[in-house]
A.B. asks: 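Okay, handing you the structure first.
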Amino acid sequence: MNQIKKIYSILYKTFGPQGWWPMTPKNQLHPKHNGVKPKNDRQRFEIIIGAILTQNTSWKNVEKAIFNLNKSKLIEIDKIKKINLKKLASLIKPSGYYNQKAEKLKIAAEFFSKNKSPERQELLAVKGIGPETADSILLYAFQKPFFVIDAYTKRIFSRIGICKPDIKYEELQDKFQENLNKNIRVFNEYHALIVELGKQFCTKTPKCSNCPIKNYCKKF
DNA sequence: TACCAGGTCCTCG
DNA sequence: CGAGGACATGGT
């Protein structure tokens, strides 16, 4: 087993299934990590909204914003297209960067009302959707095999010794995609597990003593 | 109090 | 291209 697969198996045994992408169950207002797959435009759009709102922001803050949107029954492409920009900004305030993000949600709503199954390249051309957001949308909303790279992924795998800290997004993504089977469930779970390891152990100043993958880290 | 969090865009050299 | 700054709230 290659190192990337081995680390996946350890993380999975350590943390278990993460239930991504968190979504709001029917007739509720708060998103939950229940591992439900999106099955309609409404649910895909909630994931798209979450992927934009969580840019450089903790998920806890995004949950508050999504709660506000749910309360106002706004998680629909047409509603986001029509709502007043300032009103939208005030509702998503807890997620931070709310002026920029309100604009991004508007642009995304316009885009997804015309593109029901977008290519990666098309997503990247949308203002407000960079590589991580594009891949999150492709993987979690559309169930396509794109591995999501984020700040934790670079931090963890450069510390381990698998890449340099300044490796390019697509280069690290290729490394994962080459070393894993093209399995949506694994791509889904692995990224979520990386986030969990990053939060609990591989923090800015790492807590190495009890790290579940310390034996695979170059530091040891 | 300062720093950090599931990034991206814009500007400038 | 790549570096540097702006964007902003809530938790520790």
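Each chain gets a letter, A, B and so on, in the order the sequences are listed, and its residues count up from 1. A quick note: this is a predicted structure, and the numbers were derived from the prediction, not measured.
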A.B. asks: Count the heavy atoms belonging to other residues, nucleotides or ligands that lie under 6.0 Å from NZ of K26(A), then report whether that count exceeds 12.
C.D. replies: no
A.B. asks: Ion pair present between R185(A) and E189(A), side-chain N to carboxylate O less than 4.0 angstrom?
C.D. replies: no
A.B. asks: Would you tell me whether T24(A) and N70(A) have side-chain atoms, one donor and one acceptor, within less than 3.5 Å of each other?
C.D. replies: yes
A.B. asks: Mind checking if K154(A) touches a base, just sugar-phosphate, or nothing, with heavy atoms under 4.0 Å?
C.D. replies: nothing
A.B. asks: First locate atom CD1 of I160(A), then atom SG of C211(A), and finally report the distance between them rounded to the nearest 0.5 Å.
C.D. replies: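 Going from CD1 on I160(A) over to SG on C211(A), the span is 7.5 Å.
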A.B. asks: If you count the non-hydrogen atoms of other residues, nucleotides and ligands that lie under 6.0 Å from CD in E122(A), is the total more than 12?
C.D. replies: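 Buried by this count: over 12 neighbours within 6.0 Å.
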A.B. asks: For DNA chain B, which residues in residues 171-180 of chain A have a heavy atom at a distance below 4.0 Å?
C.D. replies: none
A.B. asks: Please check: side-chain N/O of S72(A) versus main-chain N/O of L69(A), any donor-acceptor pairing under 3.5 Å?
C.D. replies: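 No.
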A.B. asks: Please give me every residue in residues 62-76 of chain A whose heavy atoms get under 4.0 Å of an atom in DNA chain B, ordered by residue number.
C.D. replies: none
A.B. asks: Which residues in residues 182-190 of chain A have at least one heavy atom lying under 4.0 Å from any atom of DNA chain B?
C.D. replies: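 Going residue by residue through residues 182-190 of chain A, none turns out to have a heavy atom under 4.0 Å of DNA chain B.
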A.B. asks: At under 4.0 Å between heavy atoms, how does the protein contact nucleotides 4-13 of chain B? Give one character per nucleotide, 5' to 3', with B, S or -.
C.D. replies: SBBBSSS---
A.B. asks: Are a donor atom and an acceptor atom from the side chains of Q43(A) and K37(A) found within less than 3.5 Å of each other?
C.D. replies: no
A.B. asks: Not counting sequence neighbours, which residues clear salt bridge (charged side-chain N to carboxylate O under 4.0 Å, His left out) with E110(A)? List them please.
C.D. replies: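 Once residues adjacent in sequence are excluded, the partners of E110(A) under the salt bridge (charged side-chain N to carboxylate O under 4.0 Å, His left out) criterion are K114(A).
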A.B. asks: Please name all residues satisfying salt bridge (charged side-chain N to carboxylate O under 4.0 Å, His left out) with R120(A), sequence neighbours left out, ordered by chain then number.
C.D. replies: D135(A), E170(A)
A.B. asks: Enumerate the ring pair (Phe, Tyr, Trp, His ring centres under 6.0 Å) contacts for residues 162-189 of chain A, please, sequence neighbours excluded, ordered by first and then second residue.
C.D. replies: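 Counting only pairs at least two positions apart or across chains, the ring pair (Phe, Tyr, Trp, His ring centres under 6.0 Å) contacts touching residues 162-189 of chain A are F147(A)-F176(A), F147(A)-F187(A), F157(A)-F176(A), F176(A)-Y190(A).
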A.B. asks: What's in the same ILVMFWY side-chain cluster as F67(A), cut-off under 4.5 Å, chained through other members?
C.D. replies: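 Result for F67(A) is L29(A).
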A.B. asks: Could you work out the separation of dG5(C) and dC3(B) based on their P atoms and round it to a whole Å?
C.D. replies: 14 Å
A.B. asks: Distance check, P atoms only: dA6(C) and dG6(B), in whole angstrom units.
C.D. replies: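 Here dA6(C) and dG6(B) have their P atoms 23 Å from each other.
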A.B. asks: Give the first and the last nucleotide of DNA chain C, reading 5' to 3', that has any atom under 4.0 Å from a heavy atom of chain A.
C.D. replies: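 With heavy atoms of chain A under 4.0 Å away, the range is dG2(C) to dG11(C).
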A.B. asks: Rounded to the nearest 0.5 Å, how far does CH2 of W21(A) lie from CG of N188(A)?
C.D. replies: 10.0 Å
A.B. asks: Output every pair passing ring pair (Phe, Tyr, Trp, His ring centres under 6.0 Å) with a member in residues 196-220 of chain A, not counting sequence neighbours, ordered by first then second residue.
C.D. replies: none
A.B. asks: Excluding sequence neighbours, so at least two apart, what forms salt bridge (charged side-chain N to carboxylate O under 4.0 Å, His left out) with R44(A)?
C.D. replies: D41(A)
A.B. asks: Sticking with atom P, work out how far dA8(C) lies from dC10(B), rounded to a whole angstrom.
C.D. replies: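 dA8(C) and dC10(B) have their P atoms separated by 14 Å.
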A.B. asks: For the P atoms, the ones on dT8(B) and on dG10(C), what distance do you get once it is rounded to whole angstrom?
C.D. replies: 22 Å
A.B. asks: Residues in salt bridge (charged side-chain N to carboxylate O under 4.0 Å, His left out) with E132(A), at least two apart?
C.D. replies: none
